Structures are given as C-alpha cells and as structure tokens.
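Chain letters run A, B, ... following the sequence lines, proteins first and then strands; every chain starts at 1. In what follows, every heavy atom counts, from backbone to side chain, and hydrogens, waters and symmetry copies are set aside. Quick caveat: nothing in here was measured; it's all calculated off a predicted structure.
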Amino acid sequence: MILLINKANAARHAPLLDQVYRFRHRFFVDRLGWTALRRPDGREIDQFDTDACVHLVGVEGGSVVSYTRLLPTTEPHLLSDVYPEMLQGGTAPTGPDIWEWTRCAVAPEKRERHKGVDATTAHMFLGVAEACLHLGLRALLVQTHPLLMSRIIELGWKARPLALPREYDGQPVVPIYAGVTRETLQASREVYGIRHPVLLVEGEDLHPSDDVVQDHPYADAV
Amino acid sequence: MPISELQVRQFTFDCVERLGSLTTIDDISAELRRAGAALGFESFCISGLPSAGERLDPYVLLSGWPDAWLERYAREGYVHRDPVIRKVRQTTMPFAWSEAPLDPDDREGARIMREAPQFGLVDGLAVPIYTTHGFQAIVTFGAHALSLSKDERAGLHLIAIYAHGQARNLLTRREAGRSPSPSHLSQREIDCLRWAASGKSAWDIGTILGLSQRTIEEYLSNAAMKLGAVNRVQCVAEAIRRKIIP
C-alpha cells in the first residue's frame with residue numbers, strides 16, 4: 001500500500017511523516033552519503049517539504065518501507081533551484097501538469113532479499129504512476145542514474161532525455177522528461193504482474209475492494 | 001570528425017526520438033547502423049546475457065555484427081569467456097572493450113580478443129543494460145579504432161538504452177501475439193532447420209535435398225520470419241526451444 005499524503009491529510013499523519021523524515025535521513029544521508037542533507041535531529045527535511053508537495057509513503061507492518069516525493073514545477077523545485085546546471089544550458093518543460101519526482105527510496109532490507117523485483121519496489125513504481133493519473137499529470141521530471149532509464153522505458157513511461165548523462169558528486173546522472181498515460185500504468189502492471197491498485201488516496205479511496213485495504217497492516221491506522 | 005557538444009546533444013536527441021517511433025527490428029538496426037557510423041562504428045549487437053552453460057543465440061535481440069563472427073561467437077560459447085562480457089556484468093556505465101581487464105593467464109579470453117579484429121572488431125564500446133526483473137543485457141558497438149569524446153560516449157550511452165528498450169518492447173509484444181503452435185512451418189522449412197541445426201550451410205542442404213541453394217535460403221528465411229527470429233542462428237535456437245526440431 002502506498003499512502004498519498006498532501007496538505008489535506010498531512011496534519012493527521014504527523015507521526016507517520018516524522019517516521020518518513022527519519023527514513024529519508026537513514027537512506028539518503030546515512031546510506032547514500034548525501035552529507036549536505038545531514039540534520040542533527042536525524043530528520044531529513046528541506047525547503048521543498050511544503051504544503052505544495054505530495055508525499056508517497058509505502059507502509060508495511062506499520063513501518064515506512066519506501067518513499068518518494070512529487071514537487072510541482074510551477075514552484076521552486078530541484079532542477080530549477082538546486083542543480084539547473086544539469087540541463088547543460090537547456091531548458092526543462094514546466095507547468096501545472098508537470099511535476100518533479102524526487103527522493104525515491106526503498107528500504108534496503110526489502111530489496112536485498114530479492115534478485116529481481118521485490119514487491120516493495122514494485123508497489124512504489126506502481127504508486128507513482130497511479131498518483132500521476134490521480135493528480136491529472138502529463139509528465140514527471142526525473143534526475144536519475146542512466147541505468148534506471150531502461151527501467152522507466154520498460155515500465156511504459158514516454159521518457160526523453162533533457163541533457164546528456166554527466167557525473168555529479170561522482171555519480172552519473174541524466175535529467176529526463178517522463179510522459180505518463182493510462183498505458184504507462186497498464187505496461188507497469190504487466191511488467192510487475194500486479195493488477196490491483198496500490199495507491200491509497202484518503203477521502204476518495206481508489207480501492208473498490210475492502211480486502212485490499214484490510215490486507216495492509218497500516219489500514220488499521222488510517 | 002569531432003563535433004561540438006551542442007551538436008552531439010542534438011544528434012542524440014534526434015536519434016532517441018526516432019528510435020522511440022520505430023516499429024520493426026530492421027528499422028532499429030538501420031537507425032543504429034546510421035548512428036554508429038556517424039560516431040565511427042561499423043557494427044553493433046544487442047543481446048541479453050545467458051547464464052552459465054546456456055547458449056547465446058536465443059538472447060540476441062538484434063545483430064549488426066558480421067554473421068560469421070556471430071556464428072563463431074555463439075557456437076564456441078565465447079560469451080562465457082569474453083573479458084568484455086565479464087566486465088559488463090560488473091559495471092553500470094559504458095566502457096571501451098580495450099578497458100576490459102585481461103588476465104595474462106587467460107588464454108581463452110586473449111584468443112577472443114585476438115580473433116575479433118579479424119572481423120573488423122578491433123575496439124568498441126560496451127553499454128551495460130539492466131531490466132526490471134534483474135536480467136542483464138549488453139549493447140555493443142565495434143570499430144576499427146575508437147575515438148569518442150566524453151559527450152559522444154554519453155550520447156551513445158543514451159542511444160544504446162533507447163535502442164535496447166525499443167527492441168525489447170517490440171519483441172515482447174511479438175512474443176505475446178504469436179501462436180505457440182509449430183504447425184504453421186512447412187515440412188520443407190522444418191527439414192532445412194534440422195540440417196541447419198547440425199551445422200550445414202544453405203549450399204550443403206541444397207545438395208542433400210536436391211534443391212538449389214537459393215530455394216533453401218528462401219525456406220530458411222521464411223522459417224525465421226514465422227519464428228520471429230532476426231537471423232539464422234536465432235531461428236535455429238527458437239525452433240529448438242519450441243521443440244519444432246530436436
């Protein structure tokens with residue numbers, strides 16, 4: 001289950017968001033070594049964690065196991081305000097239906113037990129596609145390792161590069177524009193072999209089946 | 001011919017956009033040949049990586065390698081001893097073939113690196129690809145000499161990613177759409193495949209069956225089309241996989 005948190009339900013999920021910021025700190029600072037994000041209280045929060053952003057939170061057994069964040073490109077975002085040099089002088093499309101996909105993380109212990117695809121990662125990628133359709137988005141801007149481009153294409157995103165891959169802080173990165181349609185979700189579901197929706201949007205529950213919601217440990221708390 | 005960063009970027013974007021719109025393996029091959037040629041490459045190949053003991057043939061998505069080299073490479077199981085393949089399994093970024101480490105005691109690896117230049121494959125660029133389910137593939141470009149700027153290498157990396165993605169998506173769709181029944185192959189086509197599987201050339205088979213080489217070639221290419229194979233090696237492998245021939 002991937003829970004969508006935005007300004008409408010952030011207040012009631014304050015304890016979960018606290019877990020999210022600690023999860024982000026463990027993943028991005030402690031594990032990936034993004035030391036610029038280090039915080040003395042162990043909660044990784046930046047200037048983009050505002051009312052405007054959308055958090056997608058994977059919860060299993062009451063714990064945060066995956067996370068990603070969507071930022072509107074009509075407001076300051078990473079490609080515009082943090083590393084515009086990634087575009088190498090080019091421009092990226094922006095607009096109300098184009099958002100930026102940032103801070104994508106899956107708990108390492110969920111991935112390490114699997115050689116191929118683990119359910120936690122599959123749910124996160126499916127959740128992102130479902131969230132885009134729910135929010136009426138046309139595309140996401142993503143800055144990613146080139147090897148993940150293959151995966152994004154395989155999952156049915158209409159991806160095109162916005163610049164050539166380059167090294168940033170020792171890691172190769174390519175900025176891409178990833179168009180999303182119903183076919184994207186369809187292709188992703190085929191790749192993962194998961195037919196049911198995974199995204200939980202409170203107030204307008206996408207799940208017609210109560211079983212799916214009750215299946216999830218966190219369902220008791222929401 | 002060195003071209004500017006801006007030109008490399010535009011060249012790459014154009015190429016990637018065209019690749020995304022192509023609907024046949026032949027068109028993807030033609031586009032790769034064109035793109036590779038602009039950067040000094042004469043040949044290319046896209047293939048999945050077989051596990052230990054498996055044959056390469058069914059994993060080849062698209063080959064722009066000299067046929068004789070692909071046949072020898074597949075027949076001899078070079079994929080399991082090639083230093084380039086060893087390195088591609090250990091890295092995520094493109095590298096020159098000449099950058100693949102070769103152990104001084106590795107005589108089989110050295111033999112492959114010595115034979116490839118006889119087919120015009122002196123040096124090249126290998127691009128590792130990883131799919132969602134953890135399968136790995138390689139897109140590789142061969143040349144008489146390698147001289148790529150940093151930007152050209154980055155551009156070719158993207159072109160390789162798109163060519164592989166498009167070829168794999170096409171073949172997956174074709175796989176899903178085609179009938180598993182072998183009955184649509186004619187007896188003559190099956191006979192030709194059986195002889196081809198035992199290493200006979202079209203000329204040999206023609207002599208055996210009392211038909212012209214040209215007729216045999218037609219049977220084999222019809223069989224390849226029906227089996228969705230891109231070359232004779234893959235065609236034979238596919239016929240074996242579907243138990244059309246033993």
Side-chain angles (χ1 to χ4, degrees), chain A residues 86-92 106 111-119 121-126 129 144-168 170-179 183-184 186-194, chain B residues 3-21 46 48 51 61 88 91-95 127-139 148-173 175-176:
Chain A
M86 263 182 203
L87 291 169
Q88 297 155 28
T91 55
V106 173
R111 296 171 55 190
E112 279 160 2
R113 283 189 233 129
H114 296 78
K115 185 177 179 290
V117 174
D118 61 275
T121 303
H123 283 198
M124 178 45 75
F125 275 91
L126 290 168
T144 185
H145 191 293
L147 80 85
L148 285 174
M149 271 193 98
S150 292
R151 182 180 301 190
I152 287 169
I153 295 169
E154 186 180 4
L155 290 173
W157 296 79
K158 299 290 169 217
R160 60 182 170 85
L162 297 169
L164 297 174
R166 284 274 173 81
E167 279 210 2
Y168 292 89
Q171 279 299 317
V173 176
V174 58
I176 64 180
Y177 172 95
E183 285 72 47
T184 308
Q186 191 51 40
S188 297
R189 284 180 172 163
E190 270 164 35
V191 167
Y192 288 125
I194 295 174
Chain B
I3 44 180
S4 78
E5 177 189 335
L6 216 59
Q7 284 171 307
V8 174
R9 189 163 66 181
Q10 199 52 52
F11 171 81
T12 304
F13 289 2
D14 291 347
C15 184
V16 157
E17 197 181 325
R18 277 194 300 272
L19 279 168
S21 69
I46 305 183
S51 307
L61 290 184
V88 93
T91 188
T92 57
M93 291 298 283
F95 61 91
V127 181
I129 304 278
Y130 294 83
T131 73
T132 301
H133 288 284
F135 296 117
Q136 211 195 325
I138 180 174
V139 181
L148 281 182
S149 70
K150 206 177 80 184
D151 286 326
E152 289 168 341
R153 187 184 279 222
L156 199 57
H157 187 189
L158 290 180
I159 290 167
I161 288 169
Y162 275 82
H164 170 268
Q166 192 70 7
R168 198 221 20 240
N169 286 349
L170 280 180
L171 291 171
T172 308
R173 242 175 279 152
E175 183 89 39

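Judged as a side-chain contact (heavy atoms from CB on, under 4.5 Å), and not counting sequence neighbours, the contacts of B:F95 are B:V84, B:K87, B:V88, B:T91, B:E99, B:A100, B:A126.
Note that the CD atom of A:E154 and the OG1 atom of B:T172 stand 7.5 Å from one another [nearest 0.5 Å]. Note that OG1 of B:T131 and CD1 of A:I153 are 12.5 Å apart. Values are rounded to the nearest 0.5 Å.
Across all their heavy atoms, A:Y192 and B:T132 have their closest contact at CE2-CG2, 3.5 Å. Between A:Q88 and B:R9 the shortest heavy-atom distance is O-NH1, 2.8 Å.
In this structure, no portion of A:L148 lies under 4.5 Å from any heavy atom of chain B. Only the side chain of B:T12 comes within less than 4.5 Å of a heavy atom in chain A; its backbone stays farther off.
More than 12 non-hydrogen atoms from other residues, nucleotides or ligands lie less than 6.0 angstrom from CD of A:E167.
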Residues 156-170 of chain B, side-chain donor-acceptor partners within the protein, below 3.5 Å, at least two apart:
unit_1: B:Y162; atom_1: OH; unit_2: A:A159; atom_2: O; d: 2.5
unit_1: B:Y162; atom_1: OH; unit_2: A:R160; atom_2: N; d: 3.4
unit_1: B:Q166; atom_1: NE2; unit_2: B:G20; atom_2: O; d: 3.3
unit_1: B:Q166; atom_1: NE2; unit_2: B:L22; atom_2: O; d: 2.8
unit_1: B:N169; atom_1: ND2; unit_2: B:G165; atom_2: O; d: 3.4

